[in-house]
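In what follows, a structure is listed as structure tokens, so that the remarks can point back to it.
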Amino acid sequence: SKAVYLNAYDTAVSGGLGFWFVDYDYESADSFDYEIKLRPVLDPDFVYVDPERDPKKRKWGFVFEEISTEEFKERWPDAEESTWAPIDARMGWQTDKTVRVANYYWREDKADTVCLMPDGSKVWLSDDEAAIDSCTASRESVKSTWHLWKVGGLNDEPLEASIWPGKWLPIVELVGEEKVIEGKRY
């Protein structure tokens, strides 16, 4: 992880912003346990995040990468190109030799009731409606769910969709020198 931090530091110093993102994977080939992995972002221009300054309030973010057309077809053989985008409107998502793909993280917030169970655990009522009968306390709250979509090329639908198990946007931003001019942060 030291190399991940140093990469973000170097790009923040030289260009103003550095990033890394948090990922997870199985500990080993025969494990069912996950471990957290920090992944470098080599090109900060390939990251786009919610401009909200407080990381806990951010609601979306993208981490882009360019892959070869062959790799794209190998990883997603059933992906179909969009029919709505003419060739001149591809805006960098696809060339003759490459396809841009992105991890698109977005947060869905829904009003819900959180229940405190007799054993001290907490249960969202939307996950277990029967919990209301045995909870020792409850209150209205907002349940946040992070979604991870793999989007790419000119496809109308996500190539992959899953739930991100974290609390916050897993893209960590390291800001270089900032200046405040006439009340605006630069």
Qualifying residues under side chain to side chain donor-acceptor pair (under 3.5 Å), relative to D112, sequence neighbours excluded
S126
Are W149 and V63 linked, directly or through intermediate hydrophobic residues, by side-chain heavy-atom contacts shorter than 4.5 Å (ILVMFWY only)?
no
Who pairs with W168 by ring-ring contact (aromatic ring centres under 6.0 Å, His included), at least two apart in sequence or on another chain?
none
For residues 44-54, which side-chain N or O atoms pair as donor and acceptor with protein atoms under 3.5 Å away, sequence neighbours left out?
residue, atom, partner, partner atom, Å
D50, OD1, E52, N, 3.0
D50, OD2, K59, N, 2.9
E52, OE2, D54, N, 3.1
R53, NH2, E178, OE2, 2.7
D54, OD1, K56, N, 3.0

Give a yes or no on this: more than 12 heavy atoms of other residues, nucleotides or ligands lie within 6.0 Å of atom NZ of K37.
yes
Just to verify, what does E182 make a salt bridge (Lys or Arg N to Asp or Glu O under 4.0 Å) with, not counting sequence neighbours?
none
By side chain to side chain donor-acceptor pair (under 3.5 Å) - contacts of T11 (at least two apart)
none
Charged N-O contact under 4.0 Å between K73 and E71
no
Is the closest side-chain heavy-atom distance between N7 and L42 below 4.5 Å?
yes
Kindly work out whether a path of hydrophobic side-chain contacts (I/L/V/M/F/W/Y, heavy atoms less than 4.5 Å apart) joins L148 to L169.
yes
Scan residues 113-122 for pairs that pass salt bridge (charged side-chain N to carboxylate O under 4.0 Å, His left out), counting only residues two or more places apart or in two chains.
none
Check the pair Y5 / L38 against side-chain contact (heavy atoms from CB on, under 4.5 Å), numbers first and verdict last.
CA-CA 9 Å; Y5 298 139; L38 301 182; 3.3 Å; yes
Could I get the full list of side chain to side chain donor-acceptor pair (under 3.5 Å) partners for K143, not counting sequence neighbours?
D127
Applying side chain to side chain donor-acceptor pair (under 3.5 Å), can you list everything that pairs with E65, at least two apart in sequence or on another chain?
none
Taking all non-hydrogen atoms of both residues, which atom of Y105 and which atom of P170 are closest, and how far apart?
CE2-CG, 3.4 Å
Side-chain donor-acceptor pairs under 3.5 Å in residues 129-142, sequence neighbours left out?
residue, atom, partner, partner atom, Å
T136, OG1, L116, O, 3.1
E140, OE1, T113, OG1, 3.4
E140, OE2, T113, OG1, 2.9

Is there a chain of hydrophobic side chains (I, L, V, M, F, W, Y, each step under 4.5 Å between heavy atoms) that links I171 to V4?
yes
Exam field: side chain S121 to backbone M117, donor-acceptor pair closer than 3.5 Å
no
Heavy-atom pair of closest approach, residues D33 and S31:
N-OG, 2.9 Å
Can you name the nearest heavy-atom pair linking F21 to P40, along with the distance?
CE2-O, 4.0 Å
To the nearest 0.5 Å, what is the distance between OG on S162 and NZ on K150?
10.0 Å
Candidate pair T98 and E66, rule side-chain hydrogen bond (donor to acceptor under 3.5 Å, both in side chains), full reasoning:
CA-CA 6 Å; T98 65; E66 299 268 332; 3.1 Å; yes
Are W146 and W60 connected in the hydrophobic side-chain network, where two residues link if heavy atoms are under 4.5 Å apart?
no
Side-chain cluster (under 4.5 Å, hydrophobic types only) that V99 belongs to, other residues:
I67, F72, W76, V101, L159
So which pairs with a foot in residues 160-174 pass salt bridge (charged side-chain N to carboxylate O under 4.0 Å, His left out), sequence neighbours left out?
R58-E173
Quick one: sort the H147 and W106 rings into parallel, tilted or perpendicular, breaks at 30° and 60°.
parallel
Do L17 and V175 touch side chain to side chain, with heavy atoms closer than 4.5 Å?
yes
Got a sec, which pairs hit side-chain hydrogen bond (donor to acceptor under 3.5 Å, both in side chains) with one end in residues 15-26, sequence neighbours left out?
D23-R39, Y26-Y34
How about CG on L6, more than 12 heavy atoms from neighbouring residues, nucleotides or ligands closer than 6.0 Å, or not?
yes
